[in-house]
Amino acid sequence: MQHYLQFKDFSADEYAYLFARAALIKKKFKAYEKHHTLVDRTLAMIFEKASTRTRVSFEAGMYQLGGSVVHLTTGDSQLGRAEPIEDSAKVISRMTDLVMIRTFEQTKIERFAANSRVPVINGLTNEFHPCQVLADIFTYIEHRGSIAGKTVAWVGDGNNMANTWLQAADLLGFTVHVSTPSGYEVNQAVAGLRSSDSYRVFTDPLQACQGAHLVTTDVWTSMGYEAENEARRAAFASWCVDRTMMAAAAPDALFMHCLPAHRGEEVEAEVIDGPQSVVWDEAENRMHAQKALMEYLLLGRVA
Ligand code: CP
Ligand code: NVA
């Protein structure tokens, strides 16, 4: 049994399979062809933080595979009344086939997985967001082909998305140019990297974008860090992806954002709503990529 708790849980070869499978699943979806590979399987979705995309993509995706879902939040389950995570894992995994969790500390999802009888998927933690980068790279491949050897500019917080991009670069052979405000840097140990070979740090976000094939960013304040909002607004003021940054990138550079976005903060409206932005494909691809992921965790490689 395999879990998907961080990007490096899969090999490059497994990603090659998943990207090809997601493309097939997407093609069938667009042609209104049934793809019922998970009939009678149940996905439990546990949300300890808000969500639009993750909820809709997993829920719609599981139904499209012929399965069903159970949706739990902290507020409407015993999770919010301090039932130990280990006990919750033992119970939920006896009744369902697969569990997706969005929570705070990575250690929490690791404790759940250690006590689960079924595969566990990380739907976002403070440290990682592997399902998002899975969809992002699938989107890059759809638009531009292989990401190996390319440069991704990360402009903004050294957060869960940044850590996940760094793991992906390490595994899939591309480079990340990281630019964060001082005090919000990525931490190699937290990101779980073996070395710093696959990323370069820039103090100036414009420099980070120079020649990049993909420019990407995220909110200044992630969920769970709202108390830091005011300090972050001041610190991040120059980390707004604007038209000048996109002009410094490669001529055919793409722009991505995991969403939700704040126009006028981390990205200029003209960029996110402009011709280089692929954010809507990126959001849609969460569903196709995660259908491939759920199928893989339950059935392995399907011929
Ligand atoms: N990108 C993403 O995970 O969005 P949600 O918070 O809406 O799920
Ligand atoms: N970094 C953001 C991503 C939201 C999808 C957060 O954790 O809130």
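Just follow the structure's listing: the first ligand is 1, and inside any ligand the first atom is 1.
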Determine, for Glu48 against Arg102, whether the closest basic-nitrogen to carboxylate-oxygen distance falls under 4.0 angstrom.
-> no
Scan for ring-ring contact (aromatic ring centres under 6.0 Å, His included) pairs involving residues 276-303, sequence neighbours excluded, and state none if there are none.
-> Phe10-Tyr296, Tyr17-Tyr296, Phe29-His288
of all protein heavy atoms, closest to atom 4 (C) of ligand 2 is Leu124 CD1, 3.8 Å
Atoms of ligand 2 less than 4.0 Å from Leu259 heavy atoms?
-> 5 (C)
When distances are taken from atom 7 (O) of ligand 2, the protein heavy atom at minimum range is Asn160 ND2, 2.8 Å
For Met223, is at least one N or O under 3.5 Å away from an N or O on ligand 2?
-> yes
Of Ser222, Cys131, Ala162, the residue with the heavy atom nearest atom 2 (C) of ligand 2 is Ser222
Got the residues with a heavy atom under 4.0 Å of ligand 1, by chain and number?
-> Ser51, Thr52, Arg53, Thr54, Arg102, His129, Gln132, Cys258, Leu259, Arg286
Above 12 or not: heavy atoms from other molecules or residues under 6.0 Å from CZ of Arg117?
-> no
Ring geometry between Tyr4 and Phe7 (parallel below 30°, tilted from 30 to 60°, perpendicular above 60°) | tilted
Under 3.5 Å between some N or O of ligand 2 and some N or O of Arg102?
-> no
Do you see a donor-acceptor pair shorter than 3.5 Å between the side chains of Thr180 and Glu185?
-> no
Can you list the ligand 2 atoms lying under 4.0 Å from a non-hydrogen atom of Asn159?
-> 1 (N)
Answer yes when Glu268 and Arg263 have at least one side-chain N-carboxylate O distance shorter than 4.0 Å, and no when they do not.
-> no
Close approach of Thr54 to ligand 2, heavy atoms, under 4.0 angstrom = no
Heavy-atom neighbours of Arg301 CZ exceed 12 at 6.0 Å | yes
Nearest non-hydrogen protein atom, atom 3 (C) of ligand 2 = Asp218 OD2, 3.6 Å
So is there a nitrogen or oxygen of His129 less than 3.5 Å from a nitrogen or oxygen in ligand 2?
-> no
Under-4.0 Å salt bridge between Glu265 and Arg233 | yes
Does the pair Arg144/Asp252 count as a salt bridge with the N-to-O cut at 4.0 Å?
-> yes
Parallel, tilted or perpendicular, as decided by the 30° and 60° cut-offs, for the rings of Phe19 and Phe138 | parallel
Using a strict 4.0 Å threshold on nitrogen-to-oxygen distance, state whether Lys26 and Asp281 make a salt bridge.
-> no
